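As the structure is a computational prediction, the values presented were derived from the model and not from experiment.
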Amino acid sequence: MTTQPTTSATNQVTLDTDVVVIGAGPVGLTLANLLGVRGHRATVLEARAELIDYPRGVGLDDESIRTLRTAGLWERIEQFTVPHHVVRLVNGRGQVLATNDPQTQEFGFPRKHGFNQPVVDRELAAGLDRFPGTELRFGHRVVGIEDRGDHVCVTAERVGPDGATETVEVTGRYVVGCEGGGSFTRKWMGVEFEGKSPSTRWVVVDVENDPIGSPNVYLGADPKRPYVTIGLPQGIRRWEFMLHDDEPTELVEDRAFMNRLLERFVPDPDALQIINQRTFTHHGRVATSFRQGNVLIAGDAAHLMPVWLGQGWNSGMRDATNLAWKLSAVLRGDAEDALLDTYTTERHKHAADMIEVNMAAGSIMKMKPLGGWIRDRVATALNVVPTWKSYFTELRFKPMPRYAEGVVVDQVTLEPGRARPGLRGGRLAPLVDSAGETSPVGLQFIQPRVNTAEGRDVLLDDVTGDWWALATWGTDPTAFLSPADLALVRRHDIRLLAFVPETQREWAEKQYADAPVPVTVVGDTSGALKRWFDVRACGLVVLRPDHFVAAAALNQQAPQALAAVAAAGSLRTDAAAPADTPAPTPAETSAEMGALA
């Protein structure tokens, strides 16, 4: 069976969907949900007959939670997580060398959560049922892609009811390959997959009814045999063991061998109920480009990284977050197609950095006896120095996403397309915050709890929404905007916010009630917003739909900041109304969450 796109009387091709997503893993499902929340159509093609049911990813970051909340799914997924997963690196004697126990909740949640991927993937798939324009098709193996300039045609094979193989064609404006490390889409693009794949093999074992009960994570840097043991939700315990070069992979199928691996941890390994057992090899690879024309890649199709810091799943979430709003902006008619070029610009470097950190962590884990002896003594010395100790405790070694190029504005000159630290265009001298940053541009904005006229003690993302926002500290954000600036605000549904101390909120609500564009007054109940602005040389921020800071400036520089962001984001400045898929308000997203529940 073949479906063909239809052509209208005006010679415009009527497409089956807006975005064809190849692969029903967490990245593809999340991307489809984010498109659905923003009113777009997405068709997910999955070669398998069902979702993968064996556990894989086990670590979920606070950044990913923000994405899941944007998708309206966190309330369903939260029950399958363990908040505040603590990670301890221990040597062969069980001595703790380093503890990763970050206490910060700057993005609204504990930094790390443990989770079971299969149940989370099922919730991501179920989330697509909320949207009439999204569809998940199992048993569709993609065998061809044709980029026709104004749209893409994807050819898939499926087995029909009579057992015969059928050919199906699905057309969309864009295609995103999320089908894993062996990605057909990446190979079709012809881009290099640079990096290396160490020959070291690991066996992962998941058991029911956790026989230990320790709720956190231990990385065992044992020179005799490195291992990992993890407490997971729903009473699951995971172990990972490195296999030696002289141990054939088939050996892991021998229960007696597995029992010997487990006997140092439990008194009766033979009584364990194994629910998953697999062997894998760590990879560290990244594609040279994540886009070719109307075809893009995300997740493992774009980059592979070792599991040490639990960043494979989360890096895929960052891809989906970054790409979803850009696809939406182009599909809405808000931005030119050139916006999609910034996807590779922004995500490639961070993915490559994460791979390097994970590879380094693996090297520390696998040190031989002499290297391990040196490592242990170095770690002991580092633990004595508070600043060095906090480097591990607070997860500072993990590079936070920071976009130096792309949809960001140079804080020095308000030049679009790049970010540099410091602000010299106003009266304030550059300041350095506690993390050593002199500019917030390109970093995620914080998410404290706040008060507004519509809600008390709510997370800031519920107020800013999942589209553009312009926020000022202590004043009316429209004060310095011209009629042309206000037209741009209306054109792109930019939400205007005034951050004020909670003590001034009621006054500000009355004062700004007659603003030419609605202004949401946000009461800073904890002082977190005040502290944020206090150590940065700015009073205004432009927030992107993914909650990253696109621009930071003095309040009086609002017109220049808006213009620079519009240029960096290839935003259209004409007076035409947005397309028929406006960004949902936080209330609409909450309603969708309620409908799913």
Is the backbone of Asp341 close enough, under 3.5 Å, to the side chain of Thr344 for a donor and an acceptor to pair up by distance? no
- prompt: Within the distance-only criterion (no hydrogens, no angle test), does the side chain of His547 pair as donor or acceptor with the backbone N or O of Thr67 below 3.5 angstrom?
  reply: no
Inset, instruction - State yes or no: are the ring centers of Tyr343 and Phe290 separated by less than 6.0 Å? - result: yes
Notebook entry, point to check: Quick check: does any side chain N or O of Asn216 sit under 3.5 Å from a backbone N or O of Val86, one acting as donor and the other as acceptor?
Noted result: yes
_Is a donor from one side chain sitting under 3.5 angstrom from an acceptor on the other, for His303 and Ser315?_
no
Counting only N and O atoms by type, is there a donor-acceptor contact under 3.5 Å from the side chain of Asp61 to the main-chain atoms of Ser64? no
Are the ring centres of Phe548 and Tyr403 closer than 6.0 Å? yes
Centres of the Trp532 and Phe499 rings: under 6.0 Å? no
Residues passing the side-chain hydrogen bond (donor to acceptor under 3.5 Å, both in side chains) test with Asn451, sequence neighbours excluded, are Glu502
### Query
Counting only N and O atoms by type, is there a donor-acceptor contact under 3.5 Å from the side chain of Arg544 to the main-chain atoms of Gly569?
no
Check: Distance-only, no hydrogens or angles: does the Thr525 side chain make a donor-acceptor pair with backbone N or O of Arg449 under 3.5 Å?
Finding: yes
Could you tell me whether a side-chain N or O of Glu346 sits under 3.5 Å from a main-chain N or O of Val407, the two making a donor and an acceptor? yes
Would Arg76 pass as a cation-pi partner of Trp74, given that its NZ or CZ must be under 6.0 Å from the six-membered ring centre and within 45 degrees of the axis? no
